[in-house]
Amino acid sequence: MGRPVLTDAQVEDFRGRACDVAMRLFVSAGYEGFTLRALAGELGCSHATPYRYFEGKPELFALVRAEGFRRFEAFLRGRLAGASDPLARVRRLARAYFDFSVEHAAEFTVIFEIGQPDPHEYPFVGEAGHAAWSVLFDVVRAAVAAGALAGDPNELAHTMWAGIHGVATLHLARKLAMGRDAEAMLESMTDALIRAHTPERAKRKRAKRT
């Protein structure tokens, strides 16, 4: 007798559970150390079962990374809900980014610290990453459009990203041990970003150049 045909719901359920477990295993073992055999052991199924749902490790890792980005995007959007003031949204975004790195460290590690073997083979990963990035970019762009910040939105967004991400990764690596904690660093970084790109500051810079 052949294998029973799986329903779409059964496939979706297994793939969802497998991605959750794989998220943790990729972090603990690294990409090279991860095996579908280990995943099967964690799920309590036969070693061959994961191959019914995934082509192999590269596809599974791509799915896990894409899911990590989707969770990241949803987390940021959720924290921004209800805030309308442009600079308040900038501050909320900075705090949400940092909080995600702490509260969802596995997802943060998978999407930012473990490289994709072939980033072009699974374009849906890049699409999910771009959707997450667009949350940060749109917050900064709106602040510039409202006159709360001055400068090129893309440049400002990348500056903000580098600053917040630096604080988050230093904190996760337990490197902030020289008199400054992550909370203070995050607030200081956000304040410095805003001060450096106020319309008044931009006017003074232009005046000095003329």
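In this text the structure is predicted, and so the values were computed from the model without any measurement. Numbers here simply count residues along the sequence, with the first being 1.
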Legend entry - Sidechain N-carboxylate O distance under 4.0 Å for D13, R17: yes

Legend entry - Side chains of F98 and H171 in contact at under 4.5 Å (non-hydrogen atoms): yes

Inset, instruction - May I ask you to test the V110-F61 pair for a side-chain heavy-atom distance under 4.5 Å? - result: yes

Legend entry - Salt bridge present between R65 and E107 (N-O < 4.0 angstrom): no

Inset, instruction - Measure from the side-chain N and O atoms of T49 to the backbone N and O of C45, and report whether any donor-acceptor pair falls under 3.5 Å. - result: no

Legend entry - Nearest non-hydrogen partners of S134 and R77, listed with the distance: OG-NH2, 3.8 Å

Legend entry - Close side-chain approach of L43 and V21, heavy atoms under 4.5 Å: yes

Legend entry - Gap between atom CG of L60 and atom CZ of F54 - 0.5 Å precision: 5.0 Å

Legend entry - Atom CZ of R24 with >12 non-hydrogen neighbours under 6.0 angstrom: yes

Legend entry - Carboxylate-amine/guanidinium proximity below 4.0 Å for D20 and R71: yes

Legend entry - Side chains of L149 and P86 in contact at under 4.5 Å (non-hydrogen atoms): no

Inset, instruction - Using a 4.5 Å cut-off on heavy atoms from C-beta on, say whether the side chain of F75 contacts that of D99. - result: yes

Legend entry - Within 6.0 angstrom of W161 CH2, more than 12 heavy atoms from elsewhere: no

Inset, instruction - Would you kindly check if the NZ (Lys) or CZ (Arg) of K57 is within the cone defined by 45 degrees around the ring axis of F34 and under 6.0 Å from the six-membered ring centre? - result: no

Legend entry - Student check: side-chain heavy atoms of H158 and W133 closer than 4.5 Å: yes

Inset, instruction - Check for a donor-acceptor pair, side chain of R15 on one end and backbone N or O of Y53 on the other, with a separation under 3.5 Å. - result: yes

